[in-house]
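Working notes, structure below.
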Amino acid sequence: MREVQDRASTGHVVVIGAGIAGLAAAHRLLERGTRVTVLEASDRVGGKLLPGEIAGARVDLGAESLLARRPEAVALAREVGLADRLQPPATATASLWTRGALRPMPQGHVMGVPGTAAALSGVLSDEGLARIERDAELPRTEVGDDVAVGEYVAERLGREVVDRLVDPLLGGVYAGDAYRISMRSAVPQLFEAARAHTSLMEGVREIQAKAAAARQTGPVFMGIQGGVGTLPLAVAESVRARGGEILTGTPVTELRRTPADGGWRIVSGVHVWHADAVIVAVPAPAAAALLRTDSPGAAAELGAVEYASMALVTLAYRRAEAALPEGSGFLVPPVDGRTIKAATFASQKWGWIADEDPDLLVLRTSVGRYGETEILRRDDAELVDVSRHDLRAATGLDAAPVASLVTRWDDGLPQYPVGHHARVARVRELVAGLPGLAVCGAPYDGVGVPACIASAYAAVDQIHGDLRGVQELTAHPVQSLHGGAGE
Ligand SMILES: CC1=C(CCC(=O)O)c2cc3nc(cc4[nH]c(cc5[nH]c(cc1n2)c(C)c5CCC(=O)O)c(CCC(=O)O)c4C)C(CCC(=O)O)=C3C
């Protein structure tokens, strides 16, 4: 084996994984003057963020929007020079394709849970609407340590709210199933509301009042001209400009603690690195494989995290031949029995995509939910066909696309079932027992881009505490008060 890098006296951190979490961690470490090497198994940086092109126009082929209600993603974009390219969606209205028609997505909900029954007619049946009102009279529903979102909301407001509003939204966010997903991990503000209020709709109205008081009135989401997929590229460029090293095509095959010096040994094929600390920023199965030797307990917990797969079908049409309803797109409740779970009208949602080629209309559909594996076994041409079929039924769009592109995200989205927070706490506790090791990314504190970045910064803070400990120990060795063993 060849030692490709010597260990610096202090403060060399290896980050494993160059998705947005690993890159954000590297960026933050360099700001604090730490030497950084990022090792990425695949041949590119960016993970679930992937810029691409269809019919000559730039588009996102992965995540295409950043939540702007929390600061981390937008702030990172600004830090790496993308301030001028941040762009809010051109339209803030979306639809639900349910009960045979596209219907406006009701305003004022928290992950599909309404604050009032107003504006839900059409989306819900008359019985469904009547059932919602019982929320005000029903006795308290205990949530305990955690509860499935669907179970709790169905008990308070009836199954129709879950099936037609909550499930399609969670289907977008997690590609998951409302009756399995943890309310505590996936929608923490609803969990808090459920603890504080007997009536769920009262809790939702309080969340909305607080948001209004905090003047959270800017756009909920932000895009980036050229694609959200350009964010990791800009972060990587900034990491390199600050002297950080990023190596793609470098799968880590072994991660071991070196007890003699409290550091870490990282192996990729014939290459070996020695670092003071390691940040593991890869999906749960890969993290499990890396931690198997030094923390079999954490590896077992991470190995049990399940993933859902999905595919995105991007379609481009001549604008003169195609027209779409207004808005950014639509979500499809699973109970409606369609194949696609969402459609995003990309060139209506993002001004920058419309500007790429004004004669082009670009949209994308998504298929695949947790446990739904049959649909993803179909080949690309079939996924294009089912997408066109559903789009025609929903919107009347009948034209032939001039280009189509299928992007598969196998095991793309970690699932947060009931009890996920407890699993993450156990992983964190086990990892904390190994100084100089931290984990971050989508399996832990949220699957969205800002949540991934926040988990990266938390990992950096943890590592920094550990590194300071090592430096202080080296500078001021602890004097034994009892004399040594050889006395
Ligand atoms: C990861 C993630 C988050 C978490 C972000 C974070 O926590 O950081 C999130 C949040 C949300 N998504 C929301 C709404 C929608 N999501 C859609 C579609 C999709 N979301 C997806 C993922 C996510 N979604 C995916 C994989 C799709 C499939 C289509 C595609 O990938 O192209 C669509 C249909 C298409 C369109 O109209 O654009 C709508 C209307 C609202 C509610 C907004 C409100 O309050 O109004 C919220 C909070």
Side-chain angles (χ1 to χ4, degrees), residues 3-41 45-47 72-73 75-81 231-248 250 252 255-268 271-282 287 290-291 294 428 431-441 444-445 452-476:
E3 305 277 316
V4 289
Q5 222 164 45
D6 285 322
R7 187 178 165 201
S9 53
T10 53
H12 176 213
V13 177
V14 165
V15 177
I16 306 176
I20 195 62
L23 291 170
H27 192 255
R28 178 59 58 94
L29 285 162
L30 286 158
E31 276 175 352
R32 299 198 181 167
T34 309
R35 194 154 73 79
V36 179
T37 304
V38 183
L39 306 179
E40 164 60 40
V45 303
E72 298 89 348
L76 180 61
R78 292 207 165 98
E79 282 174 47
V80 297
L231 175 61
L233 301 180
V235 179
E237 201 176 304
S238 173
V239 163
R240 289 190 172 110
R242 288 162 192 244
E245 188 179 24
I246 302 174
L247 302 175
T248 54
T250 308
V252 173
L255 173 65
R256 296 293 295 270
R257 207 146 86 95
T258 51
D261 61 359
W264 293 82
R265 181 172 186 272
I266 304 104
V267 179
S268 175
H271 301 296
V272 182
W273 292 261
H274 292 283
D276 298 293
V278 173
I279 293 181
V280 173
V282 295
L290 291 170
L291 297 181
D294 278 312
R428 286 249 157 78
V431 166
L434 296 168
L437 177 70
V439 293
C440 62
Y444 307 98
D445 314 310
C452 289
I453 296 170
S455 79
Y457 294 163
V460 168
D461 287 343
Q462 185 194 326
I463 286 298
H464 246 259
D466 293 342
L467 285 181
R468 235 187 338 267
V470 169
Q471 284 168 20
E472 276 161 16
L473 267 183
T474 323
H476 314 283

Non-hydrogen atoms of Ala287 and Tyr444 that approach each other most closely: CB-OH, 4.2 Å
Step-by-step side-chain contact (heavy atoms from CB on, under 4.5 Å) determination, Leu231 to Val80: CA-CA 8 Å; Leu231 175 61; Val80 297; 4.2 Å; yes
Would you mind listing every salt bridge (Lys or Arg N to Asp or Glu O under 4.0 Å) that reaches into residues 14-30, with sequence neighbours excluded? Arg28-Glu31
For Ala458, enumerate each residue passing the side chain to side chain contact (heavy atoms under 4.5 Å, CB included) test, keeping only those at least two apart in sequence or located in another chain. none
Minimum heavy-atom distance Glu40-Ala18, with the two atoms named: OE1-N, 2.8 Å
So, for Asp466 and Gly436, which heavy atoms are closest and what is the spacing to 0.1 Å? OD2-N, 2.8 Å
CD of Glu237 to CD1 of Ile246: how many Å apart, nearest 0.5 Å? 10.0 Å
Side-chain contact test, heavy atoms from C-beta onward, threshold under 4.5 Å: evaluate it for Val13 versus Asp276 and give yes or no. no
In short, Ala21 meets Gly441 closest at the heavy-atom pair CB-CA, 3.7 Å
Between Glu72 and Cys452, is there a side-chain heavy-atom distance shorter than 4.5 Å? no
First locate atom NE2 of His271, then atom CD1 of Ile266, and finally report the distance between them rounded to the nearest 0.5 Å. 14.0 Å
Would you mind reporting whether Gln462 and Val431 have side-chain heavy atoms less than 4.5 Å apart? yes
Output yes when Asp445 and Arg428 qualify as a salt bridge under the 4.0 Å nitrogen-oxygen rule, no when they do not. yes
Drop me the distance from Arg32's CZ to Leu467's CG, to the nearest 0.5 angstrom. 10.5 Å
Just how far is it from atom CD1 of Ile463 to atom OG1 of Thr34, taken to the nearest 0.5 Å? 9.5 Å
For the residue pair Cys440 and Ile279, what are the closest heavy atoms and their distance? SG-CG2, 3.7 Å
Do you know the tightest heavy-atom contact between His27 and Leu76? ND1-CD1, 3.9 Å
Quick one: pull up CD1 in Ile453 and CD1 in Ile20 and give me the separation to the nearest 0.5 Å. 5.0 Å
Quick check: do Val14 and Val252 have side-chain heavy atoms less than 4.5 Å from each other? no
Side-chain donor or acceptor of Thr258 paired with backbone N/O of Gly263 under 3.5 Å: yes
From CH2 (Trp273) to OG1 (Thr250), nearest 0.5 Å: 5.5 Å
Partner residues of Asp294 under the salt bridge (Lys or Arg N to Asp or Glu O under 4.0 Å) criterion, sequence neighbours left out: none
